[in-house]
Student: 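What follows is a structure written as structure tokens; I'll ask about it next.
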Protein chains: 2
Amino acid sequence: MTKRNAYTMRDVARLAGVSISTVSAVVNNKGIVGPDLTAVVQKAITAMNFSPHAGARGLRIGKTNILGLVVQDITNPFFVEALRGVEDEAIKHGYEVLVCNSNDQPDLELRHLNALYTQRVDGVLLATCDSYAARQALVRDRAPIVFIDCVPMKAEVNCVVTDNYDSCYNAIRYLIGLGHERIAVISGRLVHSTSIARVEGCRKAMQEVNLPVLEESLREGDSHIESGYRIGLTLFQSPDPPTAIFTLNNRMALGILRALRELQIPCPERVSVMSFDDADWAEVFNPSLTTIKQPTYEIGKAAVELLLQSIQSASDETTLEPRQILLKSTLCARDSTAPVAKS
Amino acid sequence: MTKRNAYTMRDVARLAGVSISTVSAVVNNKGIVGPDLTAVVQKAITAMNFSPHAGARGLRIGKTNILGLVVQDITNPFFVEALRGVEDEAIKHGYEVLVCNSNDQPDLELRHLNALYTQRVDGVLLATCDSYAARQALVRDRAPIVFIDCVPMKAEVNCVVTDNYDSCYNAIRYLIGLGHERIAVISGRLVHSTSIARVEGCRKAMQEVNLPVLEESLREGDSHIESGYRIGLTLFQSPDPPTAIFTLNNRMALGILRALRELQIPCPERVSVMSFDDADWAEVFNPSLTTIKQPTYEIGKAAVELLLQSIQSASDETTLEPRQILLKSTLCARDSTAPVAKS
DNA sequence: CCACGATGTCGAAACGATTTTATGTAGTAA
DNA sequence: TTACTACATAAAATCGTTTCGACATCGTGG
């Protein structure tokens, strides 16, 4: 069905009584075909509901007009919003987007990258799930690539990320400003460059005011609700629980809140909670949640812009210095954070 | 870059000292090449990091191994979870997925469908944003199609949906069982078959117990937070406010909850809230939200299975009766619903 | 009246894979 | 030895486009 009844340029040419190359010229409106013939061809095209075969076109011109996007976890609203930015920008430039979810599995990510290469996508956007694997080597000389959110360690690559370090530095400063001294930080998995940068930012802020950086209150989660919940429970069973918790991802914040509710610990009276990543429910929550909001949509958009430049320069045979784009976040102060209670 | 350095079968053949057809036979392991030669070819393939050009292959065999997925609104977690189901199942059968977001705009949806046809995808999964437009005509004789979630009105098509009618019937019965008589229903836009079916289910349950179906408490929203909020506000400014609210989508429930908080109306003491669509925050909310949980992942999975059958039968030239698959939902009773308060 | 760009159209050769047909080489039996 | 079967490989046609060079037509200026 798919191809049986599909009309080709030859059919159109026959119906219009012109040659194939004329049809091609009309389809790609090269402007070298006379207006009367153009009209005839156009009529034939619409009559047959003809649409050119992208695969054949791609084979000939060596370009598919498809971009690949590989994300760690499509379940995370962060990546969905980035995807929107990617898609909108891609469409604007006539590209389609092949979306792959690696589900935080490096081998699946690799498989996706290989599949994208087989499809000969013109470029790849990658939110890698393992900053230590040398992914960039795998795609080198295959297709231009731009990393988003999570980038390879110590490698000069094109990437677009939030300024994680600064964001977290500011977040902790904010908590310190409220009088908190016992601050727990719950990070995502430390194989992600994002997590590492965020933790560093937190550390810096604490050290700056000579707060002891409590290793036991720096916990590594896995970005899912369960880990936040579990860590929350143990954190409050310790003899000297924190007065503020900063989760480096929004779903772990949900876990913390569940733990608090279960333990009947009032927020923000006894403990302040703050989270990286904003979400639509954050404002409606009771108490509404203080968050750091990333310019998520813009990350996707900027990444595509960078990728298209990269593709362009590759076809020009010019070399382009890898660019690192850092985007600023916003601190959304709400009700889940409050000055530390006197004890 | 993309194609400059890309090796072809000819290169592999040259390196291995065999003919192109032999390489092809090895790549598609047809099992007709001797074991020793196969080894030689394999070595050449890995040495060159060769991977076949999907476009060329597709051109020849008339199959791209790509499926298209068009959704109304990728921002809605429902579609993300369905997407996961689609992708996992697609990968399992060697397909890639081209994801498109129509953003609830019929013209954008149409544009996406045309683009997918141009790409010659082997099949399309469509969550249409307008049940009244005759989308199926547009794709007929182009590619097999399976509708998910939102289907065209009065048309015999392949589709996979939740049993919306029954789900809502049961939901309202549940509220009635708690003693509620003044029940407000907030639907999504009534151009979606889902909304229509859900409203019908609600109506049936109310009529069955001779509850007056209050047209003024049946409000049409647009599935976004704002509309829930706005409707919530007006609903409680009416002289005789409802004792229970059932939103037919989870984001509108967020809007309702915001309105309740702003108006200082306690839930569930003064009003019970219930929502279609479960979400990860629903359980953590305060009070935790009673929801109807759809088998979202399964919808995606089932849709791909159906689509692959459809593709198969199309290439067999056999005809297949359109199938409608109805999946059951689950009622998750939590704290936001309670017996009606005595006044 | 011829030479000459300019303009507009066409024919044919790619692009990289698959598949059919043809060819070659052994091995077996008459 | 010859013929015939098997089997492994080679060559060529094909899929639907794009694009380059060729060709025809025409008006203009010499």
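Below, chains carry the letters A, B, ... as their sequence lines are ordered, and counting in each starts from 1. Every heavy atom of this structure was used, including side-chain atoms; hydrogens, water molecules and symmetry mates were not.
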Student: What is the distance, to the nearest angstrom, from the CD1 atom on I32(B) to the P atom on dT9(D)?
Tutor: 9 Å
Student: Is R57(A) close enough to dT18(D) that one of its side-chain N or O atoms is under 4.0 Å from OP1 or OP2 there?
Tutor: yes
Student: Does E81(B) pair with R84(B) as a salt bridge, N-O distance under 4.0 Å?
Tutor: yes
Student: In whole angstroms, how far is the C1' atom of dG16(D) from the CZ atom of R120(B)?
Tutor: 9 Å
Student: Pick base, sugar-phosphate or nothing for I20(B), based on heavy-atom distances below 4.0 Å to the nucleic acid.
Tutor: base
Student: So which of N114(A), N103(A), T128(A), N101(A) actually passes side-chain hydrogen bond (donor to acceptor under 3.5 Å, both in side chains) with E109(A)?
Tutor: T128(A)
Student: What is the distance, rounded to the nearest whole Å, between atom CZ of R14(B) and atom P of dA17(C)?
Tutor: 13 Å
Student: Quickly work out the N65(B) CG to dT18(C) P distance and round it to whole Å.
Tutor: 12 Å
Student: Are E89(B) and K92(B) within salt-bridge range, i.e. N to O under 4.0 Å?
Tutor: yes
Student: Want to settle it: does G34(B) or H53(A) sit nearer the 5' end of DNA chain D, counting the closest nucleotide to each?
Tutor: G34(B)
Student: Should T22(A) be listed as having a side-chain N or O under 4.0 Å from OP1 or OP2 of dT9(C)?
Tutor: no
Student: Using every non-hydrogen atom in the two residues, find where S193(A) and D149(A) come nearest and quote the distance to one decimal.
Tutor: OG-O, 4.1 Å
Student: State, to 0.1 Å, how close L113(A) and R142(A) come at their nearest heavy-atom pair, and which atoms those are.
Tutor: O-NH1, 4.5 Å
Student: Nearest to the side chain of P52(B), heavy atoms from C-beta on, is which of dA17(C), dC15(C), dT9(D)?
Tutor: dA17(C)
Student: Ignoring hydrogens and angles, answer whether the base of dA10(D) and the side-chain atoms of S21(B) contain a donor-acceptor pair closer than 3.5 Å.
Tutor: yes
Student: Mind calculating the distance between CE (M9(A)) and P (dT19(D)) to the nearest angstrom?
Tutor: 10 Å
Student: Reckon S24(B) has a side-chain N or O less than 4.0 Å from the OP1 or OP2 of dT18(C)?
Tutor: yes
Student: Given dC10(C), dT19(D), dA13(D), identify the nucleotide with an atom nearest to the side chain of R60(B).
Tutor: dA13(D)
Student: Please report, rounded to the nearest Å, how far the P atom of dA13(C) is from the CZ atom of R10(A).
Tutor: 14 Å
Student: Output the rounded distance in Å from CG (L59(B)) to P (dG16(C)).
Tutor: 12 Å
Student: Does K30(B) have a side-chain nitrogen or oxygen under 4.0 Å from the phosphate oxygens OP1 or OP2 of dT18(C)?
Tutor: no
Student: Taking atom P of dG16(D) as reference, at what distance in whole Å does atom NZ of K63(A) sit?
Tutor: 23 Å
Student: Please determine, for the side chain of F50(B), which listed nucleotide (dC15(D), dA17(C), dT9(C)) has the closest atom?
Tutor: dA17(C)
Student: Describe the nucleic acid contact of V33(A) in one word from base, sugar-phosphate, nothing, applying a heavy-atom distance below 4.0 Å.
Tutor: sugar-phosphate
Student: Which part of the nucleic acid, if any, lies within reach of T8(B) when heavy atoms closer than 4.0 Å are counted: base, sugar-phosphate only, or nothing?
Tutor: sugar-phosphate
